[in-house]
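Structure provided below as C-alpha cells; questions to follow.
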Amino acid sequence: MFREDGVQVAVLGAGNKVELRKVKLGRNLGTEFEVLKGLTESDTVINSPPDSLSSGEVVKVAKDAQPSEAPEPEAK
C-alpha cells in the first residue's frame, strides 16, 4: 500500500487484527517487489487490501480455494 508516510504492507496480527507495517523495497520485478525490511517469513500478508484498511481492524480470514480431488473408486 502506497501511503503518505511510505510503503506499507498489511499483515494479519493476533486476534485477526490488521497490522500495517512499513517496508523497505528493493528491486521492482514488474508485478512483484523485493521486500528488504519490514516482514518476516512467518508473516501472513493480506492480499489486495482495500485502501480504507487501517491498523487494528478485525478481518475474516478466507480459506484458499483448493482444487477438488476426484473421489476414490469404491472397492467391490
Side-chain angles (χ1 to χ4, degrees):
M1 302 172 75
F2 295 94
R3 300 270 171 115
E4 287 181 26
D5 51 340
V7 179
Q8 296 179 329
V9 173
V11 296
L12 188 63
N16 290 343
K17 291 184 180 178
V18 174
E19 293 179 15
L20 295 181
R21 301 243 186 102
K22 285 188 175 186
V23 293
K24 180 177 179 182
L25 297 180
R27 295 179 290 170
N28 179 342
L29 305 172
T31 58
E32 299 174 345
F33 288 92
E34 178 182 41
V35 177
L36 300 175
K37 288 185 181 180
L39 293 177
T40 67
E41 288 184 32
S42 63
D43 286 331
T44 301
V45 176
I46 298 173
N47 188 24
S48 300
D51 289 335
S52 60
L53 194 65
S54 61
S55 285
E57 284 188 56
V58 177
V59 294
K60 183 178 178 183
V61 178
K63 300 286 183 197
D64 288 335
Q66 299 292 325
S68 59
E69 295 182 23
E72 292 288 323
E74 292 184 24
K76 294 186 179 187

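Small disclaimer: the values here were computed from a predicted structure and weren't measured.
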Supply the atom-to-atom distance K24 NZ to L36 CG, rounded to the nearest 0.5 angstrom.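 So the gap between those two atoms works out to 6.0 Å.
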
If you measure from CG on L12 to NZ on K17, what distance do you get to the nearest 0.5 Å?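 Rounded to the nearest 0.5 Å, the CG-NZ separation comes to 12.0 Å.
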
Partner set under salt bridge (Lys or Arg N to Asp or Glu O under 4.0 Å) for E34, not counting sequence neighbours: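 Counting only residues at least two positions away or on another chain, E34 forms a salt bridge (Lys or Arg N to Asp or Glu O under 4.0 Å) with R27.
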
Indicate the atoms forming the closest heavy-atom contact of L53 with R3, along with that distance.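 Reported closest heavy-atom pair: O-NH2, 2.9 Å.
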
Checking E57 side chain against S54 main chain: does a donor-acceptor pair fall under 3.5 Å?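 It does hold such a pair.
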
When hydrophobic residues are tied together by side-chain contacts of less than 4.5 Å, even through go-betweens, does V7 share a cluster with V35?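 Cluster IDs for V7 and V35 match.
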
Mind checking who shares a hydrophobic cluster with V58, ILVMFWY linked at side-chain heavy-atom distances under 4.5 Å?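 Members other than V58 - counting any ILVMFWY side chain reachable under 4.5 Å - there are none.
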
Count the heavy atoms belonging to other residues, nucleotides or ligands that lie under 6.0 Å from CG of D51, then report whether that count exceeds 12.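 Counting neighbours around CG of D51, 12 or fewer heavy atoms of other residues, nucleotides or ligands fall under 6.0 Å, so no.
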
State yes or no: do V18 and V9 share one hydrophobic cluster built from I, L, V, M, F, W and Y residues joined by side-chain heavy-atom distances below 4.5 Å, directly or via other members?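 In one cluster with V18: V9, no.
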
Evaluate the side chain to side chain contact (heavy atoms under 4.5 Å, CB included) criterion for residues D43 and R21: first the C-alpha distance (whole Å), next the side-chain angles of each, then the deciding distance (0.1 Å), finally the verdict. CA-CA 11 Å; D43 286 331; R21 301 243 186 102; 2.8 Å; yes

Work out which heavy atom in Q8 is nearest to a heavy atom in D5; give both atom names and the distance.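 Heavy-atom minimum between the residues: NE2-OD2, 3.7 Å.
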
To the nearest 0.5 Å, what is the distance between OG on S48 and CE on M1?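 Between S48 OG and M1 CE, I get 10.5 Å after rounding to 0.5 Å.
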
Would V45 end up clustered with L25 when hydrophobic side chains under 4.5 Å apart are linked, directly or stepwise?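 As far as the 4.5 Å side-chain criterion goes, L25 and V45 are connected within one cluster.
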
If Ile, Leu, Val, Met, Phe, Trp and Tyr residues are connected whenever their side-chain heavy atoms lie under 4.5 Å apart, and connections chain through other members, are V59 and V11 in the same group?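 Cluster IDs for V59 and V11 differ.
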
Go through the steps for V61 and T44 under the test side chain to side chain contact (heavy atoms under 4.5 Å, CB included), then give the verdict. CA-CA 10 Å; V61 178; T44 301; over 6 Å; no

